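First listed ligand is number 1; within each ligand, the first listed atom is number 1. These figures come from a predicted structure and were not determined experimentally.
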Amino acid sequence: MIARVRLDITTGQEFDYAIPAELREWIEIGSRVKVPLGGRQVMGCVMALCDVSPYPNPRSILKVVGQQALVTPEVLTLARWISDYYCCPLEIALKSVLPQAVRKEREGWKYQLRVRALAIDPPSLSLTKRQAEIWQWAQARQDMPLQELLETAHATAETLRKMEAKGAVVISSEIAERDPYAREHLLPTRPLPLNSEQAEALKQILGSMDAARERGAARAAQAPEPATTFLLHGVTGSGKTEVYLQAIAHALEQGGGAIVLVPEIALTPQTVERFKARFCSGTLQTQVAVLHSHLSAGERHDEWHKIRQGRARIAIGARSAIFAPVSPLSLIVVDEEHEQSYKQEEAPRYHARDVAVMRGRLEGTTVVLGSATPSLESYHNVRQAKYRLLEMRARADDKKMPVVRVVDMRQETHVQKGTPMFSRKLAEAMRQRLEKNEQTMLFLNRRGYSSSLQCPKCGYVAGCPHCSVSLTYHRHEQKLCCHCCGYETTVPQVCPTDTCRNPEIRYVGLGTEKVEETLAKMFPRARIRRMDSDSMKRKEDYRTILGDFRAGKIDILIGTQMIAKGLHFPNVTLVGIVYADMSLHIPDFRASERTFQLLTQVSGRAGRGEVEGEVIIQAFTPFHPAIQYARHHDFLGFFEQEIEFRRQLQYPPVGRMALLTLRGRSEEKVQFSAEYIKQELERAWRDETGLIIAGPAPAPLLKKESFFRYQIMLRTRRIARLSKRLQGLLAGLKLPDDVTLAVDIDPVNLV
Ligand code: ADP
Ligand code: ZN
């Protein structure tokens, strides 16, 4: 028997190895194995099995990891697709489908010694009095960790060994699972009676799941027919989660499982609990495995294997959970499908939502993409009849949508001097909330105190030595920080320009830290807290601050996009957005879409309780469509006008895009290489109709982490074909050693 192996190191080919007789039983397609390569030993994945090899005397496999293939056939197919579509070596794609903790060569389980008392009649066994006592302890618990018994009974290991010799107890080494949620106490929840919109959405989803199951039973080994992909467009608070939960329950009833993707930022204990609590008791009881980057390596290993062994049938996690080995897979949910964080920014540059749709297609699994603000891509796919639309227009609990007001900050500058942080309207609204003991959330998408340090005399701006961005001033820590690469430096007291030395350097621009400080002066008695990645340094911080907010111990919560998503606080009656246009000016064609999404999501935090909510949006461009449509909760209006703009420029989702970024320490070499690639592309693709090649141009952020970057942007209608041709073409090109090329298909970050 021969195994064809793809190694962890990128070689672009597969190697044949003989399977020794003693390993035969353990090796299948998808097994992780250790093999010799030259004088080295490397790890790899079995891609195929065959009887004979065309090569004489292949060397033998040395070792296999685990007792089951780690990459299931379904996930293997998915990895192949990722490699083709995202234009990356299969080795890299394979690497991302298994968590690091599972890829290790040595088994990752933690073992523990456990004691079990044997059913004997103690006096007949010549146990000492002390031993008989310990036996009683052990017997009462039936089976317990040795360590625990030693502590509770004040016994020594030696005593227990003696008891084992007498046949009174058995001591064995067993796997001790690390469960990150073991200490949480869950109150089981029951399905809520659905309102009519939820019921209709669920009916459609279940219909597709049932049809998929029937087809699954009917087909033998044929390829599955595609099941439906739904776009569940439900306003904030429309009760999407309840629909997911009941669809998952149906998956379990079918004997299958489900994968739930949520954005990293929304993968909070609160979110996880909602899923765990529903399935922790009753007839559908199953374990919910959580795949999260905050878990320890050991926990991640155990959670993953829980799924692989079928003990957990629901996997919930961020991006990479889409590769969870749930089998059979009856449902995939992608919550907040519009979120940018689903796109991986390093190779393989996959988009988890799109991989989810592809996995659904390959496995005949129903996919539900949910959002209050769908991406233009997904809504376009609805229009193209690729996805089916489900709509929920009302809030689940009959709460009204909040009233949204837009304040023109240009008017405000005439009344207040300088550039005001708060309009009179927002200031007054906050004062009223404090009086009534209601809560306020304030949103500003920039952390730190000021966005830059400038000298008004000579024009000096403190910039990062490694990136083309200005440094942000953090007052609390008295530091200047680069939000791009993390560089930090001390704050100069005078202008550092030799010839200037002006002591009156200025802080320009606004960050959350400054908002916090200003508020504290305005409302000295208010309890104010800030939530951004500076103030949330430790794992528990997030939980503590949200707990305090929920308990009413905080009056005003200021935050960055950390507070924009999914939080649900009934006593929040006011949401203020300090500068709504801040995200409109980033050099990216999706700036408008992002702003619309952000404003809608943040507004959705208001009025979740008995009192109607109010949202105040402060803006310097109050008539911008992104702001006006968000104000009227009008997604469709926004979509129609934005898609027209994309159509005119052949931008996604109407056209498709690939971004080639060249990167190196020498700007000249990078630019030269970019020109060269552009020429090669033009020459090779003269026949490619409808292809637009733009650039090369410096990336909007030319320098990042000491590397210069130039971009070439390709636009086409046929992206899959382009990827394939690109892979072939780029393989034949030679670049200088210190210039690298990154290919990003369907990029979401152009900066
Ligand atoms: P979304 O994710 O769509 O923003 P959620 O799923 O967070 O909305 O639901 C908002 C609130 O409505 C939650 O508190 C949820 O428990 C409640 N809810 C959902 N469905 C129902 C229902 N059918 N009846 C009553 N309350 C519901
Ligand atoms: Zn930097």
Side-chain angles (χ1 to χ4, degrees), residues 187 189-203 231-249 260-263 266-268 270-275 277-278 333-339 368-374 390-402 448 451-452 461-472 474 479-489 550 564-572 597 600-610 613 633 635 699 701-709 751:
L187 286 178
T189 61
R190 298 176 55 77
L192 296 172
L194 299 183
N195 65 34
S196 61
E197 286 182 325
Q198 286 174 313
E200 179 56 29
L202 183 68
K203 190 177 126 200
L231 175 63
L232 175 57
H233 176 206
V235 298
T236 52
S238 57
K240 294 185 284 295
T241 308
E242 188 59 35
V243 174
Y244 305 152
L245 286 168
Q246 298 195 20
I248 294 168
V260 181
L261 299 188
V262 297
L267 195 54
T268 58
Q270 199 189 355
T271 311
V272 172
E273 272 161 28
R274 278 178 91 175
F275 288 85
R278 180 62 56 87
V333 172
V334 184
D335 193 26
E336 310 283 2
E337 66 84 26
H338 63 278
E339 270 286 316
V368 178
L369 313 176
S371 176
T373 50
L390 303 170
E391 285 184 298
M392 302 200 303
R393 293 161 216 263
R395 284 190 159 177
D397 34 17
D398 280 336
K399 300 277 148 44
K400 277 205 222 129
M401 292 302 278
S451 52
S452 71
V461 176
C464 175
H466 312 292
C467 311
S468 25
V469 296
S470 61
L471 295 172
T472 303
H474 288 248
K479 267 184 202 151
L480 291 173
C481 306
C482 173
H483 285 184
C484 181
C485 72
Y487 169 83
E488 290 180 356
T489 184
R550 184 173 305 279
K565 307 281 152 61
L567 301 176
H568 183 84
F569 299 106
N571 200 34
V572 173
Q597 289 166 346
T600 308
Q601 297 284 351
V602 179
S603 304
R605 303 308 118 219
R608 295 295 196 102
E610 294 310 317
H633 311 290
F635 170 79
L701 205 72
L702 168 63
K703 199 168 154 206
K704 188 178 173 193
E705 295 165 3
S706 299
F707 288 93
F708 292 93
R709 294 119 31 88
V751 181

In this structure, NE2 of H233 is separated from OG of S238 (nearest 0.5 Å) by 8.5 Å
Sub-4.0 Å atoms of ligand 1 with respect to non-hydrogen atoms of [X]:
| X | value |
| --- | --- |
| A396 | 12 (O), 18 (N), 19 (C), 20 (N), 21 (C), 27 (C) |
| V235 | 3 (O) |
| L194 | 23 (N) |
| S238 | 1 (P), 3 (O), 8 (O) |
| T241 | 2 (O), 6 (O) |

Heavy atoms only: which of K240, Q198, M392 lies closest to atom 3 (O) of ligand 1?
K240
Are any non-hydrogen side-chain atoms of [X] and [Y] less than 4.5 angstrom apart?
| X | Y | answer |
| --- | --- | --- |
| V235 | F635 | no |
| E200 | E197 | no |
| Q601 | E336 | yes |
| Y244 | D335 | yes |

Shortest non-hydrogen pair, V461 vs S452, comes out as CG1-CB, 4.4 Å
Polar contacts were defined as any N/O atom of the residue lying under 3.5 Å from an N/O atom of the ligand; does this apply to G234 and ligand 1?
no
Give yes if a backbone or side-chain nitrogen or oxygen of T236 is under 3.5 Å from a nitrogen or oxygen of ligand 1, and no if not.
no
For ligand 1, indicate whether the residue R274 contacts it via side chain, backbone, both or neither (heavy-atom separation under 4.0 Å).
side chain
Should the proximity of P193 to ligand 1, defined as any heavy atom under 4.0 Å, be assigned to the side chain, the backbone, both, or neither?
backbone
For the pair H466 (side chain) and K704 (backbone), establish whether a donor and an acceptor sit closer than 3.5 Å, ignoring hydrogens and angles.
no
Got a donor-acceptor contact below 3.5 angstrom from the R550 side chain to the F569 backbone?
no
Would you please indicate yes or no on a ring centroid separation below 6.0 angstrom for H483 and H474?
yes
Nearby protein N/O/S atoms (those under 2.8 Å) for the Zn ion (ligand 2), with water ignored
C464 SG, C467 SG, C482 SG, C485 SG
When T189 is tested against each of E273, E242, R274, R278 for side chain to side chain contact (heavy atoms under 4.5 Å, CB included), which residue passes?
R278
Can you sort out the partners of H633 under ring-ring contact (aromatic ring centres under 6.0 Å, His included), two or more places apart, ordered by chain and number?
none
